[in-house]
There are 2 protein chains.
Amino acid sequence: MNGKNNLAAISDRTGYSVSTVSRVLSGKAEKYRISQSAVERITKEARRCGYRPNLVAQSLRTRQSQTVGLVVPGIDNPFFATLASIIISQLDARGYHTLLADSRESEREERQALEMFQDRGVDGILAVPVASSPEFHEEVGANVPLVLIDRYFQETSLSYVCTDNYAGAYMAAQYLVDKGYRRILAIQGVPASMPNRERVRGFLDAIKGHGVESRVVGDAFSVENGSRETLAAFAGNPGAYDAVFAFSATILIGTISALRKLGLTEGTDVGVISYDNNGFLDFMNPPVTRVEQPLQEAGEIAVEALFSLMEAHRSSLPRPAPVQQLVRPTLIIRESC
Amino acid sequence: MNGKNNLAAISDRTGYSVSTVSRVLSGKAEKYRISQSAVERITKEARRCGYRPNLVAQSLRTRQSQTVGLVVPGIDNPFFATLASIIISQLDARGYHTLLADSRESEREERQALEMFQDRGVDGILAVPVASSPEFHEEVGANVPLVLIDRYFQETSLSYVCTDNYAGAYMAAQYLVDKGYRRILAIQGVPASMPNRERVRGFLDAIKGHGVESRVVGDAFSVENGSRETLAAFAGNPGAYDAVFAFSATILIGTISALRKLGLTEGTDVGVISYDNNGFLDFMNPPVTRVEQPLQEAGEIAVEALFSLMEAHRSSLPRPAPVQQLVRPTLIIRESC
DNA sequence: ATAAACAGCGCAATCGTTTGCGCAAAAATG
DNA sequence: CATTTTTGCGCAAACGATTGCGCTGTTTAT
């Protein structure tokens with residue numbers, strides 16, 4: 001084309017100043033009482049040459065980027081992929097774009113991502129935190145609106161929206177107990193994470209006083225962890241446990257894979273129950289009983305909370321009280337235990 | 001803190017000009033022959049106050065953003081989630097950040113995303129295109145490095161990296177024929193997309209001359225489509241087909257769900273075969289035979305291609321010849337047919 | 001001794017937009 | 001007709017970083 005395609009170019013071609021062109025094209029024409037004739041001439045020229053504002057310059061000047069940063073501990077995990085999908089849709093619906101980062105469960109990478117978000121001037125941040133203590137997140141949260149999701153910290157003033165992992169695990173364990181299982185292996189995810197700790201607590205509380213032998217093992221929300229721990233527990237002792245509680249769908253896959261390798265069948269030889277929902281779980285053999293987390297709802301609440309923080313931030317109003325909410329999961333009963 | 005935290009502030013506090021501070025902090029000290037003493041004083045002060053460059057300003061000035069845009073047709077689809085995950089990791093490893101957009105199979109939203117990417121000055125774009133013709137993408141590709149992935153266009157000068165869908169579908173169909181199936185229902189995804197067209201072509205070519213009755217139905221890579229089409233095909237006529245070829249894992253889920261609802265069992269009553277790989281497929285009942293696409297490999301090649309385009313673009317060198325590559329899928333044989 | 005080379009750094013323009021302030025002309029008021 | 005108000009628009013300074021050019025002073029070559 002004609003080389004440049006910015007306000008200055010339109011200014012040149014219409015004879016109006018850059019200021020006027022800017023005001024017209026950013027919809028502030030009447031606020032600044034620009035004449036009808038100017039508005040028409042300018043919008044016509046802008047349309048003609050397909051003008052599009054440079055968002056980088058706009059961000060620099062206005063300190064708003066129409067972008068939020070989202071950091072998750074592993075986008076390859078279907079759970080976080082689903083969560084990300086839900087959040088991206090929500091943001092999109094509000095006209096915001098998403099910078100997506102993956103911390104891979106690493107505190108260092110998480111810090112980098114959060115710093116990068118700030119350096120790029122995002123308007124807000126949604127994070128599934130990985131760090132073991134809230135200091136850094138709180139520091140970041142003091143500068144830019146920040147809402148935690150899925151994981152959170154004790155005693156923090158940050159907003160968070162999570163599912164009630166204590167209740168979820170409690171329901172699952174109680175169900176196993178009711179079904180008569182008495183030797184239960186729980187395979188956990190990342191031990192330090194709040195959801196995991198809450199699940200362990202819910203699990204232990206539910207089996208307490210029922211004469212259940214149990215062990216909690218494992219260290220990651222991964223297929224590999226599920227497989228390794230299951231092998232370790234059952235190899236050489238096929239009757240070691242009568243049920244397995246997998247703390248995530250990924251872990252479940254590892255567990256089932258290992259059971260099969262050992263010649264055990266889930267559901268009959270060993271009861272299994274899982275966390276997370278997933279279209280596949282209904283078509284496994286047997287269909288898997290599981291705790292479903294209301295991710296859509298959690299995502300909606302989190303985004304809502306973030307936007308009210310952002311709104312206050314924009315107007316330099318006092319920060320609204322933090323939203324700290326747990327949403328209730330539900331037990332989906334099938335045939336695996 | 002001390003209010004601002006930019007080059008000017010450091011300039012004030014050290015007595016050196018903004019230029020010198022900039023050159024030191026952006027690692028160009030020796031190129032511009034800055035003295036040791038200046039370098040030390042400045043880096044010390046920068047460390048003290050935790051200086052971090054404003055990436056928005058940097059982008060505006062240098063026209064580089066260390067960002068690439070990624071647009072997929074549905075991040076909620078596990079296939080694209082996996083692809084996105086792979087690509088984000090690759091970009092991250094090269095120090096690039098990712099703006100992720102979801103076109104939801106809508107040409108309009110795809111255009112919006114691509115335009116937004118340009119407005120934000122991304123350094124490159126990776127796209128799973130949705131449009132039916134390449135014009136718009138070619139236009140964009142003329143301005144900013146662009147590589148297509150998973151889907152592509154005929155006769156385009158754009159780079160693309162996809163799997164060989166013709167070969168994949170051919171293998172699958174041939175396997176069904178070899179197994180003796182003669183009435184095959186193929187449930188396709190988005191009809192106009194190149195992978196889908198190639199799969200249809202591969203499917204039809206493979207069954208040709210073998211006396212196979214077949215129909216190709218459906219219009220989306222979704223669970224709902226799989227379920228709807230399966231119901232329509234088998235309701236009132238349980239023996240309508242002896243095998244179903246699902247063109248994606250999501251479609252497969254819908255198909256199995258529908259078969260069960262109709263009292264049919266996949267594998268025995270009706271053979272099923274699927275496209276895509278997925279940890280769950282091995283643990284369904286029965287385990288599902290499927291065509292696995294080498295996504296990791298495709299992602300690596302695509303990112304590699306993108307970076308060589310970006311490199312040339314940065315140095316205003318002539319654009320290297322487009323990379324147009326198909327990578328070969330493999331058939332994973334299990335027990336569902 | 002004079003010129004040339006070089007070391008070390010700053011000036012000021014630039015990227016594209018936004019916006020407070022002010023200025024002139026036109027319109028309204030007394 | 002003199003004053004005030006309103007209308008319509010432009011000047012220029014931001015936002016924070018980068019970089020071509022040039023300016024001083026010192027060192028080296030001729």
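Order of the sequence lines fixes the chain letters, A, B, ..., with proteins taken first and strands second; residue numbering starts at 1 for each chain. Keep in mind that this is a model prediction, so the values were computed, not measured.
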Next on the checklist: Under 4.0 Å, counting only non-hydrogen atoms across every strand here, what does Ser22(B) touch: a base, just sugar-phosphate, or nothing?
Outcome noted: base
Checklist entry - Does some side-chain heavy atom of Tyr152(A) sit less than 4.5 Å from a side-chain heavy atom of Gln325(A)? => result no
Next on the checklist: Could you tell me how far apart Ile10(B) (CD1) and dA17(D) (C1') are, to the nearest whole angstrom?
Outcome noted: 12 Å
Checklist entry - What is the distance from NZ of Lys28(A) to P of dG10(D), rounded to the nearest Å? => result 17 Å
Checklist entry - Between dT18(C) and Gln58(A), is there an OP1 or OP2 to side-chain N/O distance shorter than 4.0 Å? => result yes
Checklist entry - Roughly how many Å is it from CG in Leu25(B) to P in dA17(D), rounded to a whole number? => result 9 Å
Next on the checklist: Can you tell me which nucleotide in dG16(D), dA12(D), dG10(C) comes closest to the side chain of Leu60(A)?
Outcome noted: dG16(D)
Next on the checklist: Need the bend value for the helix from dA1(C)-dT30(D) to dG30(C)-dC1(D): angle between end axes, 5 pairs each end, nearest 10°.
Outcome noted: 60°
Item to check | Distance in angstrom units between Gln66(A) CD and dT18(C) P, rounded | outcome: 12 Å
Next on the checklist: Using a distance-only criterion (donor-acceptor N/O pair, under 3.5 Å, no hydrogens), is the base of dG10(D) paired with the side chain of Arg23(A)?
Outcome noted: yes
Checklist entry - More 5' along DNA chain D: Gly15(A) or Arg61(B), using each one's nearest nucleotide? => result Gly15(A)
Next on the checklist: Would Arg151(A) and Tyr160(A) count as a cation-pi pair here, with the cationic atom under 6.0 angstrom from the ring centre and within 45° of the axis?
Outcome noted: no
Item to check | Cationic tip of Arg41(A) above Tyr16(A) ring, under 6.0 Å, 45° of axis | outcome: no
Item to check | Phosphate OP1/OP2 of dC15(C) contacted by Lys4(A) side-chain N/O (<4.0 Å) | outcome: yes
Next on the checklist: Nearest whole Å is fine: how far is dG16(D) C1' from Gln64(B) CD?
Outcome noted: 17 Å
Checklist entry - Counting side-chain heavy atoms from C-beta on, which of dG10(D), dT19(D), dT18(D) comes nearest to Leu7(B)? => result dT18(D)
Checklist outcome for this item: To the nearest 0.5 Å, atom NZ of Lys4(B) lies from atom CG of Asn54(B) at 10.5 Å
Checklist entry - Expressed in angstrom and rounded to an integer, what is the separation of Asp12(A) atom CG from dT17(C) atom C1'? => result 16 Å
Checklist entry - Taking only side-chain nitrogens and oxygens of Asn54(A), does any of them come within less than 4.0 Å of OP1 or OP2 of dG16(C)? => result no
Item to check | Non-hydrogen side-chain atoms of Leu306(B) and Met310(B) separated by less than 4.5 Å | outcome: yes
Checklist entry - Would you say Thr43(B) and Val24(B) make side-chain contact, with heavy atoms under 4.5 Å? => result yes
Checklist entry - So what does Val18(A) hit on the nucleic acid, given a heavy-atom distance under 4.0 Å: a base, only sugar-phosphate, or nothing? => result base
Checklist entry - With nearest nucleotides of DNA chain C determined for Arg63(B) and Val21(B) from heavy-atom distances, which residue corresponds to the more 5′ nucleotide? => result Val21(B)
Next on the checklist: Heavy-atom nearest nucleotide on DNA chain D for Ile34(A) versus Thr20(B): which residue maps closer to 5'?
Outcome noted: Ile34(A)
Checklist entry - Considering only dC9(D), dG16(C), dT7(D), which nucleotide approaches the side chain of Ala57(A) most closely? => result dG16(C)
Checklist entry - What class does the angle between the rings of His137(A) and Phe153(A) fall in, given that below 30° is parallel, 30 to 60° is tilted and above 60° is perpendicular? => result tilted
Next on the checklist: Given the structure, check if the side chain of Ser17(A) and the base of dC11(D) hold any donor-acceptor pair shorter than 3.5 Å.
Outcome noted: no
Item to check | First encountered from the 5' end of DNA chain C, between Ser35(B) and Thr62(B) | outcome: Ser35(B)
Item to check | Under-4.0 Å salt bridge between Arg63(A) and Asp123(A) | outcome: no
Item to check | Under-4.0 Å salt bridge between Arg94(B) and Glu304(B) | outcome: yes
Checklist entry - Would you say Tyr32(B) reaches dC6(C)'s phosphate, i.e. side-chain N/O to OP1/OP2 under 4.0 Å? => result no
Checklist entry - Out of dC9(D), dC9(C), dA17(D), which nucleotide sits closest to the side chain of Ala38(B)? => result dC9(C)
Checklist entry - Whole Å only: how far is the OH atom of Tyr51(B) from the P atom of dG16(D)? => result 10 Å
Checklist entry - Among the nucleotides dG20(D), dA7(C), dT17(C), which one has an atom lying closest to any side-chain atom of Arg33(B)? => result dA7(C)
Next on the checklist: I need the CD-C1' distance between Glu30(A) and dT6(D), as an integer number of Å.
Outcome noted: 17 Å
Checklist entry - Ignoring hydrogens and angles, are the base of dA17(D) and the side chain of Ser59(B) linked by a donor-acceptor pair under 3.5 Å? => result no
